[in-house]
Every structure is written in C-alpha cells, then in structure tokens.
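Below is one structure; the comments refer to it alone.
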Amino acid sequence: MAGGGPDTGELYSPWVGLIFVFNLIVGTGALTMPKAFGQAGLVLSGLIIIALAFMSFMTATFVIEAMAAANAIIRYKRKEKKRELEETDSNSSSSCESIESLYSDNENTEKRSLLHSQRASRNKISSYDGASPSVNNVAIQSGVPSLKKKKSDFFDITERVEMGQMASMYFSKVGVYIFNVALAVYLYGDLAIYAVTVPKSLMNITCSSTHSSRDTDPCWGKDSMSRMNAYRLFLAIFVTSLGSFAFFDLTKTKYLQIVTSLLRWSAFGLMIILAIIVLVEGKEHKHKPRLVGPFESIPNLFGICVYSFMCHHSLPSLVTPINDKSKLTRFFFGDYMLILVFYLMLCFTAVFAFTLVELQDIYTLSFFGDNPVLDIAVLQYFLALFPVFTLSTNFPIIAITLRNNLKTIFARRTGQPYHWVIDRLFFPLLAIVPPVIVAFATTNVTELVGITGSYAGAVIQYIIPASMVYYGRRETKKLFGERWGNKHRSPFHHKAWCIFVMLWAVVCVGFVTADHIISGS
C-alpha cells in the first residue's frame, strides 16, 4: 500500500483511474516482497501471489458494489424525504385555503379524488413491477417517462461514500466499532513500517556498510557510534520533523501525487532493468534460487502479499471521480493483472540476480554498497533514497488520518467535543508515539509488513468488503425489490463467494497465528 489516493474533486478518465489504483497498490509492500519471495521459494511464492491477487480483486469488486448500493440508498432516502416535505407543504397550504374561503370544500373534494386516482395508478404500477409503492411514487412525481431507466440511475456512483460512512450504513454499532479499530491498527502498522524504512535507508546510506553488516557494528569507524544508534538518531530526526504535522491538517495535492508517482515508476523500472541486465550478461553472481522454501516462511509472505495488494480503504476516493464507470470491473481486472505481472517480474528477477544473503528486507538497499549489480554511484543513491522521499510525503497524511480515526473511536456519546488539550495534543501524540516505540525496538521491516497484512490487512481486505456487500445487497433488496438490479454488481455475486471469503480470512489468520505461536515456543 502506497498511501492515500488523490485529493481532488476533478473527474478523470478510466485510464487515469487505472494509473491511480496502480500507484496506490504498488508501494512499500512491493519493496519487501522480493526477500519474502526468495525465502518461500519460487513455486510456493508464485502460487501464493496469484491466489492473493485473485482474492484482492474479488473483494475490490465487493467494495465497488457496496459503493453503488450506498449511493442508491442515499438517493432513495433523499427522494423520499423530499416527497414527504412536498406533501407536508401541500397539506399546510390546503389548510390555510380552507380557512380563507368557503368554497374550499369543493376544491378539497376534488383534490382528494385526484389524490385517490394517483394512488390507484401508483399501486397498479407497483403490482406490475414488483417494486415497493414508495419507489414508484418517486418515479411518477419526477415525471420520468422510462421507469426502467430511472431504476438504473439510482445505482450510479456519483457521491463519494467513504468506507466509514458505509460501515455506519450497513453495520451495527459493534460492527462500526470493529471497523474503526481494524482501520486504526492497520494505520498504526503503516506508520511503524514508514518509521522503520526511512531511518534504516538513511543508516545504510551514511554508514560504511556491507550486505553482511550487523546493527551492532560501528557506523563509520572503530570509535564511532553503532549502526543501531545511528538508526535511532535518524529515527528521532524523522519523527520530530514529520511527526509534528499530525498536530495540523494537511492534504496530499495532485502535484505531489504526480511527483511521487514518477519517482515510484522510475525506481521500480530501474530495479527490474538492472536485474535483467545481470541475468542476460550471466555474471559470476548467477545462482539457482530455491524452488520450495521452508514452511514457516509462508505466513510472512501471506501478510506481505495482503499488504501489497491493499487499496480497498481508498477505493471510494479513487472510483467516484472516474467519469465513465460502464466498464469498471474490466478496468480493475486489467489493473490487477498488470500489477500481478509487475510483482512477478520484480520478484523473479530479484531472486535470480541476488542470493538470499544479498537480498535486503528493503529491496532498494540490495543495490547499494559493495555489490556488482550496480556500480554507478548516482543510481545507487537514487534507489537507496527512493523510500525516503516517497514515504516521507505519505507519513504526515497517514498520521492525520489515524488521528481523525482515533477521534471517531473515542467520540463522546453526547457529541460534545473534548477539551483542546485532548483534541489538539493527546490524539496526535496517541497516533505518533506507539509506532515510534515499535520503530525504536525493531528494524525488521519484513516482519512488520507481514504482521500488519496478516491481521488488520486481512480484516480490511477480506472481512469488511464481504460483510459490506452482503448487507448492502440485503438493504437494496428491502428497498427496491428483487428485480431492481445493481449495475455495478460484482461478477462474484453469489452468496457463496461471501462465505468463501470469510472462511478464507479466518483460516489464513488462524494459520498465521498458529505459526507465530509454534515459532515462538
């Protein structure tokens, strides 16, 4: 997951939306994937990545269908409310006229007969369509000649309904609370990953390091500070300089999105090309990677892959501005296929170009230092600094999002705001301090990504979308009837797919948990 989506109200084409989704998905997780891929082996890793890409695509279509259902429900209730207000105004004006004129009795009689005939015609249309009478009232009063056309318009995705708003529409209070907690845990993991990746990259750039360097080794010379102390120094600088933005409000601009996208494409493209050059030239570096790795390496790869295909929490911001949504599912399928091919190319070229010892948990660092793959200093520093630039721009955005989410979780039942000390100081610190503590305790980015994806990521990517689409279908069926179809319906519309996703999530999380317990014991 690469951070938030574009913060813009402008419409864009499906092709631009495809690029935005690609940039959102391909991020920090992709940098940690080659190491985990090499540890699990080519066969198992390839099968796991393909399976998790399919599962992520399926649940992405669930979110899109739930968004369309939410738009339909909001539009339906808005029209119902407007109709009730118009009827109330009509009744009040009729009462005033009855006081002012003795002839109002005849007028009211005519109105009642007219109203009776209108109701009869509505009930007739209702019995023909199988839709609820209230729905047909909306269509008649709006004067639309084609009722079928009006039905399809209800499910147009024109309003941005965020995941939190959909959770409040579909779930109970307990469900909304679980959603907010899962999102907060995921964002905490995000911040911890960012807080480790940036200082670790700076440590490897500034310290005299090799692929076999340990954290306890001196950074520059025998009498200098250790690499770990240098890492903690960079972490302190990183947090004090960027963590302060959590106390304010900040948005990710379109131009910042463009710059980070260009850096991301340049860095990943360069790494793939360099690895291919090594394979084509057939240097001494060439070796045979594992076909099947140890069983205990699978859970970590699972978590990293879930994290690496994550985009679901930002889909409302990405999908709503697309001007033509008629082929949305096809575009998403093409995007996921492109990302899958990209990930496989990145991982396969990495494991053939580097040994497991040379593969760093942050893949860009594999090209830095004493390594024969890349001996151009400028490109080495560009790749090594790539996570520093891109993640530093995302860190304040994620911190502010987490701060606002924490305010939602701990909101008072009365709705009254907290004292400014709690609101402006406590909640920002609550968002920043826990990830920093984790970052001070460990430098293992691969493990952090694996844990974040395995638990909070599995809830957000599997359980939440399956639950939303299930309750969204039930709600729209209640309001519109059986024959009123959602034109953005997922190809996986059978109820069995929702059950399958739920069971998949439970089994995978249980498998990862059991592995952690066995490994710990």
Side-chain angles (χ1 to χ4, degrees), residues 5 55-81 131-132 134-135 151 153-187 310-320 325 328-329 332 401 404-405 408-409 411 413 456-482 484-506:
M55 295 298 296
S56 181
F57 167 71
M58 184 198 304
T59 53
T61 63
F62 285 172
V63 174
I64 294 172
E65 181 180 341
M67 288 168 54
N71 271 259
I73 294 168
I74 292 173
R75 196 171 286 115
Y76 169 81
K77 291 183 177 180
R78 186 179 295 151
K79 287 182 179 293
E80 281 291 287
K81 187 175 182 180
S132 63
S134 57
V135 175
K151 284 182 178 181
D153 291 344
F154 268 90
F155 290 89
D156 283 339
I157 303 176
T158 56
E159 296 188 32
R160 188 172 75 179
V161 186
E162 297 290 353
M163 294 288 284
Q165 187 177 352
M166 284 194 287
S168 63
M169 291 173 62
Y170 298 142
F171 300 157
S172 63
K173 291 182 178 180
V174 176
V176 173
Y177 186 80
I178 293 173
F179 167 80
N180 288 325
V181 170
L183 183 59
V185 173
Y186 181 81
L187 294 176
M310 178 67 71
C311 67
H312 302 65
H313 57 302
S314 298
L315 282 181
S317 302
L318 293 171
V319 172
T320 306
K325 304 181 182 69
L328 206 54
T329 302
F332 264 81
T401 304
N404 295 336
N405 186 261
T408 303
I409 294 175
R413 293 183 178 179
V459 173
I460 295 174
Q461 190 170 142
Y462 299 142
I463 297 177
I464 297 298
S467 302
M468 281 185 175
V469 77
Y470 174 79
Y471 287 109
R473 290 168 183 171
R474 192 174 71 172
E475 189 68 19
T476 52
K477 180 181 177 181
K478 186 189 304 180
L479 293 177
F480 303 117
E482 286 281 359
W484 201 322
N486 187 338
K487 64 181 181 180
H488 293 292
R489 186 177 69 171
S490 169
F492 313 96
H493 53 267
H494 198 279
K495 188 189 297 184
W497 286 109
C498 294
I499 298 173
F500 171 72
V501 171
M502 290 288 193
L503 292 176
W504 169 271
V506 172

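Distance check, rounded to the nearest 0.5 Å: CZ of Phe154 to CD1 of Ile74 gives 12.5 Å. Taken to the nearest 0.5 Å, the CG atom of Asn486 stands 7.5 Å off from the CD1 atom of Ile157. Here the straight-line distance linking atom CZ of Phe500 with atom NE2 of His494 works out to 14.5 Å at 0.5 Å rounding. Separation of atoms CD1 (Ile64) and OG1 (Thr59) is listed at 10.0 Å; rounding is to 0.5 Å. Between the OG atom in Ser314 and the CE atom in Met163 there is a gap of 9.0 Å [rounded to 0.5 Å]. Atom-to-atom distance recorded for Cys498:SG and Lys495:NZ is 9.0 Å, nearest 0.5 angstrom.
Contact record, Met310 with Gly457: CE-O, 3.4 Å, taken as the closest heavy-atom pair. For the pair Asn405 and Asn180, the tightest heavy-atom approach, listed with the atom from each and the gap, is OD1-O, 3.0 Å. In terms of heavy atoms, Ala69 sits closest to Gly472 at CB-O, 4.2 Å. Closest non-hydrogen pair, Gln165 versus Arg160, comes out as OE1-O, 4.2 Å. Annotation for Met468 and Ala167: closest pair CE-N, 3.6 Å, computed over non-hydrogen atoms. Between Ser490 and Met58 the shortest heavy-atom distance is OG-O, 4.5 Å.
At a threshold of 4.5 Å between non-hydrogen side-chain atoms, the residues Pro465 and Val469 do not count as touching. A heavy-atom distance below 4.5 Å is not found between the side chains of Met67 and Val161. No side-chain heavy atom of Asp156 sits under 4.5 Å from any side-chain heavy atom of Asn71. Looking only at side-chain heavy atoms (C-beta outward), Thr476 and Tyr76 stay at 4.5 Å or farther from each other.
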Exercise. Show the numbers, then the answer: is there a side chain to side chain contact (heavy atoms under 4.5 Å, CB included) between Cys311 and Gln461?
Key: CA-CA 8 Å; Cys311 67; Gln461 190 170 142; over 6 Å; no
Exercise. Let me see the working for Phe332 and Val319 under side chain to side chain contact (heavy atoms under 4.5 Å, CB included), right down to the final yes or no.
Key: CA-CA 10 Å; Phe332 264 81; Val319 172; 3.8 Å; yes
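The existence of a salt bridge linking Glu475 and Lys478 is confirmed by a sub-4.0 Å separation between a basic side-chain nitrogen and an acidic carboxylate oxygen.
Under the salt bridge (Lys or Arg N to Asp or Glu O under 4.0 Å) rule, Glu65 has a single partner from Lys325, Arg473, Arg489, which is Arg473.
Taking the six-membered ring where the residue is Trp, Phe57 and Phe492 present perpendicular rings, their angle passing 60° and hence far from 30°.
For OH of Tyr471, the number of neighbouring non-hydrogen atoms (other residues, nucleotides, ligands) closer than 6.0 Å is 12 at most.
A distance of 6.0 Å or more separates the ring centres of Tyr170 and Phe179.
Looking at His312, its side chain never comes within 3.5 Å of a backbone N or O of Tyr462 through a donor-acceptor pair.
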